[in-house]
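In what follows, a single structure is set out as structure tokens and then discussed.
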Amino acid sequence: MNQEHQQTPMPAIPMPAGCRSMPALGLGTAADPPVEPEIVRSAVVEAIEVGYRHFDTAALYNSEEALGEAINEAINGGFVESREQLFITSKLWCSDAHPQHVLPALNKTLRNLKMDYIDLYLIHWPVSSKPGIHEYPIKKEDFLPMDFKSVWAAMEECYKLGLTKSIGVSNFSCKNLADVLATAKIPPAVNQVDVGIGKLTKYGKRHSFWERPTRKVEVNPCWQQQKLREFCKRNGVLVVGYSSLGSIGTFYGTNRVMESEVLREIAKARGKTVAQVALRWGYEQGIGVVVKSYNKERMKQNLEIFDWSLSDDECRKISEITQSRACLGKDYTSPYGPYKTMDELWDEEL
């Protein structure tokens with residue numbers, strides 16, 4: 001590798017036995033409104049150059065091909081030595097969330113990425129839709145209840161085949177996650193959620209997250225998801241948070257994180273950005289964090305959270321921030337079911 005491109009290793013999150021560790025901070029590739037593939041490709045190459053090693057994509061995002069091209073370019077450019085130095089997450093879309101479609105969907109993702117395997121494969125939402133219709137938003141009449149047992153068994157088969165190094169879920173409430181855990185032979189490694197952030201342990205000189213399965217959800221200082229995080233902790237599921245900065249600028253986003261007076265006061269006192277304070281909070285909560293910025297300078301700033309810590313008083317102030325969810329998931333409800341209201345979708349975790 002070129003000496004000028006060598007980076008200090010990012011802290012990692014230990015995953016369950018047999019799975020790779022996940023870099024503590026990842027870059028998301030979902031864009032709202034959508035952007036041209038060239039923009040995604042260029043941003044990912046720059047992200048790898050400044051030190052990112054974890055990238056989050058999905059069949060829905062239409063960013064898999066651009067991500068694969070960027071990784072190949074970064075390897076050829078000497079920013080990383082091989083694909084094995086990167087951690088790649090992708091997700092199963094609702095129309096493929098049927099037992100017979102899971103493996104073909106993952107194989108398509110691998111073809112898009114031009115890879116033999118990914119590191120983490122997630123069920124994107126806890127709902128299925130009519131097979132063969134890959135669209136968003138999903139028509140209300142096309143929603144179908146997910147057969148958690150058989151869909152998860154198909155995810156387990158993908159893992160056994162070595163096509164993904166770990167499997168998990170995304171946007172699952174405590175109840176939905178419990179339904180999966182009830183029959184799983186291989187429990188979910190991750191629940192990716194729209195969250196704030198969580199607490200780390202130390203392994204030698206490196207900061208690492210607890211070794212556990214994972215789940216991706218919304219988490220940030222303004223939506224800390226305490227109930228869900230405690231449930232995941234009890235069941236050995238690692239929480240990975242998206243919307244860590246509120247997803248400002250998206251159709252479902254909020255400016256509450258970036259305009260929080262509490263976070264602004266802490267940032268000013270520390271000489272940090274509000275984003276850095278929010279991300280550091282998540283890191284200290286033991287949550288994996290996925291951010292999305294295609295601005296190179298902000299990418300660098302978001303990485304500058306690992307050599308300082310929040311005080312007990314600052315953590316207390318953040319814990320007292322008024323809570324509200326940004327990603328309501330209204331587009332995943334339907335008068336025909338299976339979730340007729342947002343309360344049903346989130347198990348009243350609003």
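Because the structure is predicted, anything quoted here is derived from the model rather than measured.
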### Message
With a 4.0 Å cut-off on N to O distance, would you call Lys91 and Asp96 a salt bridge?
### Response
no

### Message
Is any side-chain heavy atom of Ile48 closer than 4.5 Å to one of Leu86?
### Response
yes

### Message
Whether Lys175 and Asp179 form a salt bridge (side-chain N of Lys/Arg under 4.0 Å from carboxylate O of Asp/Glu) is what I want to check.
### Response
yes

### Query
Are any non-hydrogen side-chain atoms of Ser334 and Glu141 less than 4.5 angstrom apart?
no

### Query
Does the salt bridge (Lys or Arg N to Asp or Glu O under 4.0 Å) test come out yes or no for Glu38 and Arg41, once each step is laid out?
CA-CA 5 Å; Glu38 173 58 26; Arg41 184 203 61 74; 2.3 Å; yes

### Task
Assess Lys292 against Tyr294: is NZ or CZ under 6.0 Å from the centre of the six-membered ring, and within 45 degrees of the ring's axis?
yes

### Query
Can you tell me how far OG of Ser63 sits from CD of Glu65, rounded to the nearest 0.5 angstrom?
10.0 Å

### Query
CD1/Ile266 to NZ/Lys317 distance, rounded to the nearest 0.5 angstrom?
6.5 Å

### Query
Taking 4.0 angstrom as the limit, do Glu314 and Arg270 come out as a salt bridge?
yes

### Message
Nearest 0.5 Å, please: how far is OH in Tyr332 from CD1 in Ile138?
### Response
6.0 Å

### Query
Do you know which of Trp346, Trp93, Tyr136 makes ring-ring contact (aromatic ring centres under 6.0 Å, His included) with Trp125?
Trp346

### Query
Any side-chain heavy atom of Ser166 sitting closer than 4.5 Å to one from Ile186?
no

### Task
Report yes if the distance between the aromatic ring centroids of Tyr61 and His124 is under 6.0 Å, otherwise no.
yes

### Query
Is the closest side-chain heavy-atom distance between Asp119 and Arg83 below 4.5 Å?
yes

### Query
Would you say the side chain of Leu103 lies within less than 4.5 Å of the side chain of Leu163, judging by non-hydrogen atoms?
yes

### Message
Is any side-chain heavy atom of Val80 closer than 4.5 Å to one of Arg53?
### Response
yes

### Task
Determine the minimum heavy-atom distance between Met10 and Pro23, stating which atoms define it.
SD-CB, 3.8 Å

### Heavy atoms from other residues, nucleotides or ligands near NZ of Lys149 exceed 12 (cutoff 6.0 Å)
no

#### Entry: OG on Ser95 to NZ on Lys130, rounded to 0.5 Å
11.5 Å

### Message
Is there a side chain to side chain contact (heavy atoms under 4.5 Å, CB included) between Asp347 and Asn176? Walk through the geometry before answering.
### Response
CA-CA 8 Å; Asp347 190 24; Asn176 289 330; over 6 Å; no

#### Entry: Taking every non-hydrogen atom, the tightest pair across Ser150 and Pro99
OG-CG, 3.5 Å

### Task
Can you see which heavy atom on Leu228 is nearest to which on Ser173, and at what distance?
CD1-C, 4.2 Å

### Query
Does a sphere of radius 6.0 Å around NZ in Lys340 hold more than 12 heavy atoms from other residues, nucleotides or ligands, not counting ones at 6.0 Å or beyond?
no

#### Entry: No-hydrogen, no-angle side-chain donor-acceptor test under 3.5 Å, Thr57 and Glu64
no

### Query
Can you check whether Ile118 reaches Leu106 side chain to side chain, under 4.5 Å on heavy atoms?
yes

Can you give me every donor-acceptor pair (side chain of residues 300-308, partner residue at least two apart or in another chain, under 3.5 Å) with its distance?
residue: Asn302; atom: ND2; partner: Arg298; partner atom: O; Å: 3.3
residue: Trp308; atom: NE1; partner: Glu304; partner atom: O; Å: 3.1

### Query
Given side chains that start at C-beta, do those of Leu345 and Val127 come closer than 4.5 Å, heavy atoms only?
no

#### Entry: Any pair counted as ring pair (Phe, Tyr, Trp, His ring centres under 6.0 Å), so long as it reaches residues 139-158, sequence neighbours left out
Phe148-Phe172

### Query
Can we say Lys233 and Glu230 salt-bridge, meaning some charged N sits less than 4.0 Å from an Asp/Glu carboxylate O?
no

### Message
Are Leu60 and Met146 connected into the same hydrophobic cluster when the rule is that any two of I, L, V, M, F, W, Y join if their side-chain heavy atoms are below 4.5 Å apart?
### Response
yes

### Query
Do other residues, nucleotides or ligands put more than 12 heavy atoms under 6.0 Å from the NZ atom of Lys140?
yes

### Message
Classify the ring geometry of Phe55 against Tyr52: parallel below 30°, tilted from 30° to 60°, perpendicular beyond 60°.
### Response
tilted

### Task
Determine the minimum heavy-atom distance between Asp313 and Arg316, stating which atoms define it.
OD1-NH2, 2.7 Å

